[in-house]
Amino acid sequence: MTLTRRQFTGRAAAMAGLAVGGPLSPAFAARNDQMNILCWEGYNSDEVLGPFRSANAGATVRAESGTSDPDMINKLRAGETSVWDLINVNQPWARDQLYPEGLIKPLNKDRFMPHFEKMLPEFAAPYPLSFADDGNLIGMPQRYGPFSFVVNTDVISREMAEDQGWNLFLDSKMKDRYGVLTYDNWNVIHMCLTAGLNPFAPVEGDDQAKFKSVAEQIFGGAKLLTDDLVAMNTALINGEIDAYFTGGTYTASPARFDGATNIRAITPKSGPVDGKGGVVWIELTSAVNNPDPSNLAEDFLEFVQSPEISKAVAFTEGTYNPVAQMGNSEVMALFDADELDAIQMDSLAEEMDRSLDYEVVASYDALIEIYTKARRS
């Protein structure tokens with residue numbers, strides 16, 4: 001698979017320029033007066049970077065927002081380990097690629113392990129994908145969210161949607177009543193689950209035929225195809241559709257925060273992979289193996305664990321997400337009832353229990369070819 005959750009979620013046009021200043025040079029003097037982070041949107045916002053700059057007067061702090069995890073990782077592979085101090089990507093990459101290739105380095109356990117004690121139970125174990133096989137701590141979790149589908153609960157009850165799961169979109173009565181949010185890579189994952197297949201294991205032979213049949217049926221019954229989450233939420237609110245295939249807390253949260261709480265992300269109660277039918281993305285931030293490291297890298301990584309900055313990371317850029325740090329009562333106190341409702345905090349823990357960790361799609365090249373043909377037809 002070549003793209004990640006933020007491209008899955010239609011944010012491929014995320015800022016590609018630096019938050020402050022011009023192009024970065026790979027050679028810097030006084031590295032402890034500089035910190036450069038390669039990240040998803042949010043960490044490059046003024047709400048996050050501004051206070052850190054104020055706390056480190058005289059330091060140069062820059063951020064660049066990426067458009068996919070592999071694109072960001074390839075910058076490090078191309079020699080930009082000498083540029084970046086931190087990288088923020090989704091959960092499979094640190095353990096599977098970045099650390100084995102020597103692109104990131106271990107974090108100070110004495111400094112960071114105590115932060116896990118204040119995280120939500122799902123992460124306070126602590127979270128296994130934050131650790132390499134050798135036991136080193138290689139990334140800190142923060143934003144996350146279940147990602148399956150979305151319904152208008154005025155028409156389709158939450159209970160019915162959770163019970164039906166992906167079969168909802170195979171019901172002949174749903175023809176022309178749903179849209180497909182065309183985050184192609186997530187669609188591939190979700191169509192595998194709809195077909196009763198594990199998207200993270202090889203899909204071959206007869207299983208590819210099952211995938212093809214489901215892809216054709218999903219596209220054939222859709223009333224609306226778009227990669228614009230605002231347009232999809234609007235169609236749901238206006239009654240043009242009653243549900244959309246591929247979506248989650250991330251996509252439903254803007255509508256819910258605006259008062260349309262009948263728009264709800266759904267995680268199936270059951271599914272084909274170990275009884276689970278949902279998928280969750282979780283971001284990790286890691287220290288780049290920069291040959292001329294900056295002390296400000298770990299300072300910033302600890303800074304974003306603080307209550308005020310954790311809240312800023314959760315509620316920025318127009319879409320809203322829970323953060324692992326919400327296990328800390330000081331963090332939770334910063335969220336009001338409407339904000340918690342927007343990110344569906346009432347059901348978040350149980351939805352996590354029903355969800356698989358996002359991984360690389362094993363047969364992506366073959367499946368995306370089948371998917372593309374079905375979409376075009």
Side-chain angles (χ1 to χ4, degrees), residues 19 32 34-56 59 61-63 65 84-91 93-95 98-99 104-132 136-145 280-288 290 293-317 320-335 339-340 343 345 348-349 352:
N32 284 337
Q34 300 167 358
M35 195 285 294
N36 305 310
I37 178 172
L38 188 58
C39 57
W40 283 116
E41 74 277 7
Y43 291 95
N44 61 348
S45 69
D46 287 340
E47 292 86 351
V48 175
L49 293 182
F52 187 72
R53 292 191 181 107
S54 297
N56 294 273
V61 178
R62 292 188 172 95
S65 177
W84 305 106
D85 301 299
L86 293 170
I87 184 169
N88 165 251
V89 289
N90 285 289
Q91 72 260 47
W93 307 103
R95 185 170 179 164
L98 289 168
Y99 188 71
I104 59 174
K105 61 185 180 181
L107 298 169
N108 183 329
K109 280 189 174 182
D110 290 338
R111 185 173 190 179
F112 288 101
M113 288 297 289
H115 289 289
F116 284 96
E117 297 173 8
K118 294 184 178 182
M119 292 186 188
L120 290 164
E122 296 91 337
F123 304 95
Y127 182 58
L129 292 181
S130 288
F131 294 84
N136 277 317
L137 175 63
I138 56 173
M140 294 296 288
Q142 195 147 36
R143 287 184 296 201
Y144 70 101
V280 63
W281 55 267
I282 300 167
E283 291 178 346
L284 296 180
T285 304
S286 303
V288 174
N290 191 312
S294 168
N295 289 338
L296 291 181
E298 287 201 349
D299 289 351
F300 181 79
L301 189 48
E302 188 165 42
F303 175 77
V304 298
Q305 309 300 314
S306 69
E308 294 77 10
I309 304 305
S310 291
K311 169 66 187 304
V313 170
F315 266 69
T316 188
E317 299 292 334
Y320 314 115
N321 303 282
V323 290
Q325 290 71 22
M326 294 174 83
N328 181 350
S329 60
E330 293 181 30
V331 176
M332 281 295 286
L334 298 175
F335 290 82
E339 291 169 335
L340 293 175
I343 58 175
M345 199 68 191
L348 192 58
M352 287 286 286

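The analysis underlying the following values was restricted to heavy atoms, covering all of them including side chains, and did not include hydrogens, waters or symmetry mates.
Minimum interatomic distance between A314 and V323 (heavy atoms only, all atoms of both residues): CB-CG1, 3.7 Å. Of all heavy-atom pairs spanning L340 and F335, the tightest one is CD2-CB, 3.6 Å. Closest of all the heavy-atom pairs between P128 and R95 is O-NH1, 3.4 Å. Across Q305 and L301, no two heavy atoms sit closer than the pair NE2-O, 3.1 Å. The nearest pair of heavy atoms linking N32 to P293 is OD1-O, 3.7 Å.
The side-chain contact (heavy atoms from CB on, under 4.5 Å) search around P126 returns M113, F116, F131, not counting sequence neighbours. Residues forming a side-chain contact (heavy atoms from CB on, under 4.5 Å) with P322 (at least two apart in sequence, or on another chain): Y144, T249, M326, I343, L348. Taking the side-chain hydrogen bond (donor to acceptor under 3.5 Å, both in side chains) definition, one finds that S294 meets it with nothing, sequence neighbours left out. Partners of P51 under the side-chain contact (heavy atoms from CB on, under 4.5 Å) rule, at least two apart in sequence or in another chain, are F303, I309.
The closest donor-acceptor contact from the side chain of S310 to the backbone of V304 lies under 3.5 Å. Side-chain atoms of N290 come within 3.5 Å of backbone N or O of W84 as a donor-acceptor pair.
Here the side chains of L334 and F315 are not in contact, with every heavy-atom distance at 4.5 Å or above.
The side chain to side chain donor-acceptor pair (under 3.5 Å) analysis of residues 117-130, with sequence neighbours excluded, yields the pairs Y127-D357. The salt bridge (charged side-chain N to carboxylate O under 4.0 Å, His left out) contacts involving residues 295-316 comprise R111-E298, R111-D299, R111-E302, K311-E339, where partners must be two or more places apart or lie in separate chains.
Distance check: M352 CE to F123 CZ gives 4.0 Å after rounding to the nearest 0.5 Å.
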